[in-house]
Structures are given as C-alpha cells and as structure tokens.
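To keep things clear, I will list the structure first and then write my remarks on it.
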Amino acid sequence: MSVLNDAACVESSMVLSRFRNDVYACLRARGDALFELTDALLCEPGPVHSPVDLTLSPEYQRGHGALYGGLNHGRIDVEQLRQVLARLPLPRWPDGRIVLAVDVSPWLRSNATCSAERLFCHVYGRAKSASQFIPGWPYSFVAALEMGRTSWTAPLDVVRLGPADDATAVTAARLRGVVERLIAAGQWRSGDPDMLIVTDARLRHHPPGLRLARPARRTARTHPFRPGPAPARPTATL
C-alpha cells in the first residue's frame with residue numbers, strides 16, 4: 001500500500017523511523033542483537049515464555065549465542081532513552097493538556113526462587129480472597145494517558161523498586177524527572193494548560209521543586225477528584 005498521497009501516514013512513518021534510529025543509538029553494546037530482539041518481542045503474536053523462542057521469529061536473524069550475548073553483555077543508555085521518549089508526540093486531551101499517570105505494577109516471579117531482590121507484591125483478583133502477597137519485582141512507571149476508553153498509553157519512565165527503596169520517594173523522583181524532560185523537550189511551555197498528574201493514595205507527597213495546582217486523591221470510595229487549594233503559579237496538577 002502506498003502512503004505517498006496520505007500526509008498523515010507519511011508523517012507517522014517518519015516519526016516511527018526516527019524513533020527506531022534514536023532507540024538504536026541508545027544501544028551502546030551488542031546493539032544489533034538487542035535491536036532485533038526488541039523487534040521479535042514486539043512482533044510476537046502471543047506470550048513469550050522464553051527468550052530463546054524469539055530466535056525462531058523472522059524478525060530475529062541471529063542464533064542462540066547472539067541472543068544470550070546481547071542479554072548478558074549488551075548495554076543500554078537508559079537516560080538517553082528517557083530523553084528519546086520525552087521527545088515523541090504525546091497524547092493530549094481536547095484542551096491540549098498532558099495527563100500523566102503514576103503507579104506501581106509488579107512482575108510476579110513466584111517460582112523464580114534464585115532471582116535476586118524479589119519483594120512481596122500486593123495483588124488483587126487472583127484468588128477467592130480480596131488480595132494476596134506474591135513474590136515478584138515491582139516497577140514504578142510514569143505514562144501519558146489518552147482520552148476516552150482505551151488501554152493505549154505512552155510510557156515515559158519505569159524503574160524497578162529494590163528492597164531498600166521507598167516506593168513513594170522513588171515515584172516522586174521519577175515523576176519530577178519526567179516533567180523536567182517534557183519541559184526541556186518543548187512539550188510544555190509557559191501559558192499551556194497545566195499538566196494533570198493522576199495517582200493513587202500511596203503518593204503521600206509531591207516531588208520537591210514542582211508547583212502543584214490542585215492536589216487531589218482518588219480512592220475506591222471517591223470516584224470524582226476532590227480539588228485542594230492551589231498555589232499562585234502552578235505548572236502541574238496532581
């Protein structure tokens with residue numbers, strides 16, 4: 001199918017091509033192996049139970065040795081990758097506002113007894129009881145939300161929480177970094193609508209240095225947001 005006469009498709013293809021080049025530039029060692037592994041993972045039609053299964057994908061044109069060499073000895077410039085994500089076109093709401101969501105999501109590893117730094121993750125809906133604690137790795141992430149009923153988001157940052165980490169402090173630091181990178185990338189300028197930051201009750205304090213316009217908390221009993229007092233010149237909304 002030709003996209004020469006469709007400006008929107010051409011622009012989308014250019015954005016995708018530029019993004020792929022920028023991601024490849026973030027791979028400091030074993031870049032080819034890691035890049036093909038990423039393609040194979042994204043194009044897999046179903047769950048991936050083992051990395052070695054991806055060597056059978058048409059997107060991965062290398063052998064088993066290259067796959068494990070890339071996983072063991074590959075290097076990714078994580079900070080550069082965060083800046084690449086901040087420069088991508090972000091979903092915005094009708095008023096042009098950027099809406100960020102922060103949360104902690106676990107990768108459950110109950111059978112991986114030899115995996116280091118596992119924590120007991122609080123999960124819901126996996127048994128008859130209301131909640132469970134299952135060993136795994138919790139990840140704190142920040143994503144930009146789209147408007148309406150959709151599961152599509154734009155991940156902007158993620159970090160794995162360790163046994164000595166405070167989830168609230170780590171989340172607040174990640175959130176501040178994301179906002180600063182978005183401003184540096186020109187995603188927000190003075191006079192634009194305030195960023196809206198959606199969080200749950202676990203974020204007890206906001207990142208230092210950010211002026212929050214309407215602190216609010218959403219719980220299971222309160223569906224609408226309850227706005228709080230606003231400072232004089234806000235740059236973000238929580």
Side-chain angles (χ1 to χ4, degrees), residues 76-86 90-91 98-127 129-146 151-184 187-188 194-231 234-238:
I76 303 175
D77 190 331
V78 178
E79 187 58 36
Q80 182 178 345
L81 181 58
R82 291 188 176 113
Q83 296 174 8
V84 169
L85 295 176
L90 295 181
I98 297 174
V99 180
L100 303 178
V102 295
D103 204 354
V104 176
S105 180
W107 179 11
L108 302 180
R109 303 283 289 167
S110 57
N111 297 324
T113 56
C114 297
S115 296
E117 296 186 342
R118 290 186 306 163
L119 302 176
F120 283 105
C121 303
H122 197 189
V123 297
Y124 299 88
R126 296 180 60 88
S129 60
S131 62
Q132 288 180 297
F133 287 93
I134 300 178
W137 290 321
Y139 285 82
S140 173
F141 68 89
V142 182
L145 300 182
E146 289 194 8
S151 60
W152 289 99
T153 61
L156 296 173
D157 196 7
V158 63
V159 63
R160 195 177 83 185
L161 301 175
D165 292 330
D166 180 274
T168 299
V170 172
T171 301
R174 295 294 94 200
L175 180 58
R176 179 182 182 180
V178 167
V179 172
E180 291 177 346
R181 286 192 294 273
L182 291 179
I183 294 175
Q187 302 278 16
W188 187 93
D194 300 331
M195 294 185 193
L196 179 65
I197 301 170
V198 182
T199 180
D200 59 14
R202 286 177 292 185
L203 191 62
R204 301 293 182 181
H205 59 271
H206 61 78
L210 288 182
R211 298 187 296 272
L212 302 181
R214 293 183 179 271
R217 178 174 298 172
R218 185 176 183 178
T219 65
R221 294 183 179 180
T222 58
H223 182 271
F225 290 99
R226 297 197 303 269
T235 58
T237 302
L238 178 62

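Scope of the values below: all heavy atoms of this structure, side chains included, with no hydrogens, waters or symmetry mates. The chain is numbered in sequence order, starting from 1. Bear in mind the structure is a predicted one, so any value in this text is a computation, not a measurement.
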Within the distance-only criterion (no hydrogens, no angle test), does the side chain of W137 pair as donor or acceptor with the backbone N or O of A116 below 3.5 angstrom? yes
Are the side chains of L108 and P106 in touch, meaning some heavy atoms are under 4.5 Å apart? yes
Would you say S105 and F141 make side-chain contact, with heavy atoms under 4.5 Å? yes
Between the CZ atom in R82 and the CG atom in L156, the distance rounded to the nearest 0.5 Å is 11.0 Å
Ignoring hydrogens, what is the shortest heavy-atom contact between V104 and P138? Give both atom names and the distance. CG1-CB, 3.8 Å
Can you say whether the rings of F133 and H122 are parallel (under 30°), tilted (30 to 60°) or perpendicular (over 60°)? parallel
Looking at A167, is its backbone amide N or carbonyl O close enough to the side chain of D165 to form a donor-acceptor pair, meaning the two atoms are under 3.5 Å apart? no
If the test is side chain to side chain contact (heavy atoms under 4.5 Å, CB included), which one of V179, D157, V158 qualifies with R174? D157
State the CG-CG distance between L81 and D77, to the nearest 0.5 angstrom. 8.5 Å
Side chain proximity check, M195 to L182, heavy atoms < 4.5 angstrom: yes
Is it true that a side-chain atom of R109 and a backbone atom of R118 form a donor plus acceptor pair closer than 3.5 Å? no
Spatial distance of atom CG (L196) from atom CG (L100) [nearest 0.5 Å]: 8.0 Å
What is the minimum heavy-atom distance between A144 and L90, and which atoms define it? CB-CD2, 4.4 Å
Determine whether L119 and P163 make a side-chain contact, defined as any pair of heavy atoms from C-beta on separated by less than 4.5 Å. yes
